[in-house]
Amino acid sequence: MATTEVKVPDIGNYTNIPVIEVLVKPGDTVTKDQGLVTLESDKATMEVPSSVAGVVKEVKVKVGDEISEGAVVAVIEAQGAADAPKPAPTKRAEPAKPATSATTKVDAPAPKAAATSGRKADIECQVCVLGSGPGGYTAAFRAADLGQNTVLIERYATLGGVCLNVGCIPSKALLHAARLIDEAVHSDDIGISFGAPEIDIAKLAAFKDKVVAQLTGGLAGMSKQRKVTTVTGVGKFVSPNEIEIETKDGKKLVRFEKCIIAAGSQSVKLPGFPWDDPRIMDSTGALLLKDVPKKLLVVGGGIIGLEMACVYAALGSEVTVVELLDQLMPGADPDLVRPLAQRLGKRYAGIHLKVKVAKIEAQKGGLKATFEGEKAPEPQVYDRVLVAIGRSPNGKKIDADKAGVTVTDRSFIPVDKQMRTNVPHIFAIGDIVGNPMLAHKATHEGKVAAEVCAGQKSEFVARVIPSVAYTDPEVAWVGVTEAEAKKDGLKIGVGKFPYTASGRAIGIGRTEGFTKLIFDEATHRIIGAGIVGPNAGDLISEVALAIEMGCEAADIGLTVHPHPTLSESVGMAAEVYEGTITDLYIPKRK
């Protein structure tokens, strides 16, 4: 059998492009057009495909090498159809199933419920909803719309829970401000100069509060229109049909026929840190925007930490990010995070991976942080420290055991597809039932729970749930990732369209991104996607719908997308996979 040298094809005017990933090793069997190595310039990421099917005999490059057109990447022993090995059985690629509590492991027996209090109830209702976040208020409003007498309990003074009051909404208002600052800086590149921004922190905080007030006020109005009774205070179960609420006016007892638990989650606090020092913040504290620290340490390189890092960096802080794992935004594919990491790496004082914050000491002049890890920096003093290492569910904070509701050791409440707990008339939704802890998951679960309470046949059957980081650039993904596919042995194909070939991206000076679609090779159906770039969070919805509808690559590629837009990159990524793309030169797949 003949051997073939696979060389770097024509890649435009690029030379000396670094190899950032070697995708194969000697002995691997590869198909024609399968990626062998990944190259990355300042403007684009690209794979070098194999020109033949066969077995890898030798890999000629390694990570860090710089190569140009014509360089030999690998030597492949080509195999014809007659002597090609029979492929091993592979798993059929299916969209990832959301990790809802329908699959949460129950690690404890159901507790024995407390007896009814015997007290006269202050309020009686058909449906009681504990928590008014996006899932809770959706459940309450849907229950009321279906004719149920509904009570909604919320610990904050306004409806909306963590998301609207101290989470999703205020953070996005501040991220909008950060984006305006960054765009003003970028405008100088195209001949429009505004000068250095003058930031009025009090006015910016007032804008953020106004956004929150508008939304929470709207919820209050809709609650009144639906005749939902709202009670402000902290609610806890006292029996399977009673919740006691600690209000500013004393305790109130609510007796219900059915209950929907939507009590959410809270920020994880690392033990051993001096949390009594106001200079240490969780995400809620960071959103108060009391000042702009000169030096800010962000502990945790996940979505929440990076979003707040973007805000404070734009406002003028010198930001350092420390992440315990080996990449920012764990859970997303590495290639999806790479453009963000490169952009932030040029703007931040430091991004340290596989590093742990071992200790923080409160000093008069700041907070001294000591680090551990292979490439740990020297101890440094920061003006503020933001700890954003995740959230934990509130399952053990509501006395669910008194209602006989099972709560796992990790404080999750297991439910079935109807969002029903082990107690038939008590339901649970949102963060408290399992990952992913996302508001848009909770809203759909809330509708299901309310409909079941009203006697309808309803189930939570979402095939996929998208995730979005509202950083700069935005990062969004949905369904199966490449890493998951590799781990599970799925046979997939990938279509990736770089924004260096997007007229819209070039026109706005943001070519660092791309759209990537992942297909089941056996059926050509789309099972996953990742997008990095401006407005990625808006673009990912089309792909989520395509997965839900079981679309094939041709369905997406043949859908006419408007030009010039970033959204057309979705159609073009499908064309890359199909081999019909004309806006790039890529050898035809088959």
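Residues Leu566 and Ser502 meet the side-chain proximity criterion, which asks for heavy atoms closer than 4.5 Å. Between Glu548 and Val464, the closest side-chain pair of non-hydrogen atoms falls below 4.5 Å. Two residues are said to be in side-chain contact when any heavy atoms from C-beta on lie closer than 4.5 Å; Ser267 and Val387 fail this criterion. A 4.5 Å side-chain heavy-atom check between Phe514 and Thr500 finds every atom pair outside the cut-off. Taking 4.5 Å as the limit, every side-chain heavy atom of Asp555 sits out of range of all side-chain heavy atoms of Met549. At a threshold of 4.5 Å between non-hydrogen side-chain atoms, the residues Pro26 and Val59 count as touching. Side-chain contact between Ser171 and Leu287 is present, with at least one heavy-atom pair separated by less than 4.5 Å. Between Val37 and Leu39, some side-chain heavy-atom pair lies under the 4.5 Å cut-off.
Taking OG1 from Thr29 and CD1 from Ile76, the interatomic distance works out to 9.5 Å, rounded to the nearest 0.5 Å. Atoms CG and OH, on Leu344 and Tyr348 in that order, are 4.5 Å from each other to the nearest 0.5 Å. Between the CD atom in Gln266 and the OG atom in Ser283 there is a gap of 11.0 Å [rounded to 0.5 Å]. Note that CD1 of Ile527 and CD of Glu521 are 9.5 Å apart. Values are rounded to the nearest 0.5 Å. Distance check: Leu328 CG to Ile303 CD1 gives 11.5 Å after rounding to the nearest 0.5 Å. Interatomic distance, CZ of Phe427 versus CG of Asp416, reported as 8.0 Å (0.5 Å rounding).
Under the 4.0 Å criterion applied to side-chain N and carboxylate O atoms, Glu512 and Arg510 are assigned as salt-bridge partners. Salt bridge status for Glu372 with Lys359: absent, with no side-chain N to carboxylate O gap under 4.0 Å. Of the charged side-chain nitrogens involved, at least one lies within less than 4.0 Å of a carboxylate oxygen, so that Lys441 and Glu445 count as a salt-bridged pair. Electrostatic pairing of Asp28 and Lys25 counts as a salt bridge here, judged by a charged N lying under 4.0 Å from a carboxylate O.
The two residues Thr515 and Val570 come nearest to each other via the heavy atoms CG2-CA, 4.0 Å. Asp472 approaches Cys310 most closely through the heavy-atom pair N-SG, 3.8 Å. Val532 and Pro339 make their closest contact through CG1-CG, 4.0 Å (heavy atoms, listed as atom of the first residue, atom of the second, distance). Taking each heavy atom of Ser51 and Thr4 in turn, the nearest pair found is OG-CG2, 4.0 Å. In this structure, Ala400 and Gly395 approach most closely via the heavy-atom pair CB-O, 4.1 Å. Of all heavy-atom pairs spanning Ala529 and Leu517, the tightest one is CB-CD2, 3.7 Å.
Around NE2 of His444, the count of heavy atoms belonging to other residues, nucleotides or ligands within 6.0 Å does not exceed 12. More than 12 heavy atoms of other shown residues, nucleotides or ligands fall within 6.0 angstrom of atom NZ in Lys396. Heavy-atom neighbours of Arg343 CZ from other residues, nucleotides or ligands within 6.0 Å: above the threshold of 12. Annotation: Arg391, atom CZ; neighbour count of heavy atoms from other residues, nucleotides and ligands within 6.0 Å is above 12.
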Go through the steps to decide whether Val357 and Phe371 satisfy the test side chain to side chain contact (heavy atoms under 4.5 Å, CB included), and finish with yes or no. CA-CA 5 Å; Val357 180; Phe371 307 96; 3.9 Å; yes

As a quick check of understanding, evaluate salt bridge (charged side-chain N to carboxylate O under 4.0 Å, His left out) for Lys62 and Asp65, giving each step before the final call. CA-CA 6 Å; Lys62 63 182 183 301; Asp65 287 351; 3.1 Å; yes

Go through the steps for Tyr312 and Val298 under the test side chain to side chain contact (heavy atoms under 4.5 Å, CB included), then give the verdict. CA-CA 10 Å; Tyr312 277 93; Val298 178; over 6 Å; no

What verdict does the side chain to side chain contact (heavy atoms under 4.5 Å, CB included) test give for Val452 and Met419, after you've listed the backbone C-alpha separation in whole Å, the side-chain angles of each residue and the deciding distance to 0.1 Å? CA-CA 9 Å; Val452 176; Met419 313 314 299; over 6 Å; no

Could you go through Val19 and Thr38, starting from their C-alpha distance and side-chain angles, then the distance that decides it, and tell me whether this counts as side chain to side chain contact (heavy atoms under 4.5 Å, CB included)? CA-CA 6 Å; Val19 176; Thr38 304; over 6 Å; no

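Between Tyr577 and Phe519, the ring planes are parallel. Angles under 30° get that label, and only those over 60° would be called perpendicular.
Residue pairs satisfying the side-chain hydrogen bond (donor to acceptor under 3.5 Å, both in side chains) criterion with at least one member in residues 320-334, sequence neighbours excluded, are listed as follows: Asp333-Lys516.
In this structure, the side chain of Thr138 does not engage the main chain of Gly135 through any donor-acceptor pair within 3.5 Å. Judged by distance alone, with hydrogens and angles left aside, the side-chain atoms of Thr511 form no donor-acceptor pair with the main-chain N or O of Tyr499 at under 3.5 Å. A distance-only check finds no donor-acceptor pair linking the side chain of His561 to the backbone of Met572 [under 3.5 Å]. With Asp520 contributing its side chain and Ala522 its backbone, the two residues share a donor-acceptor pair below 3.5 Å.
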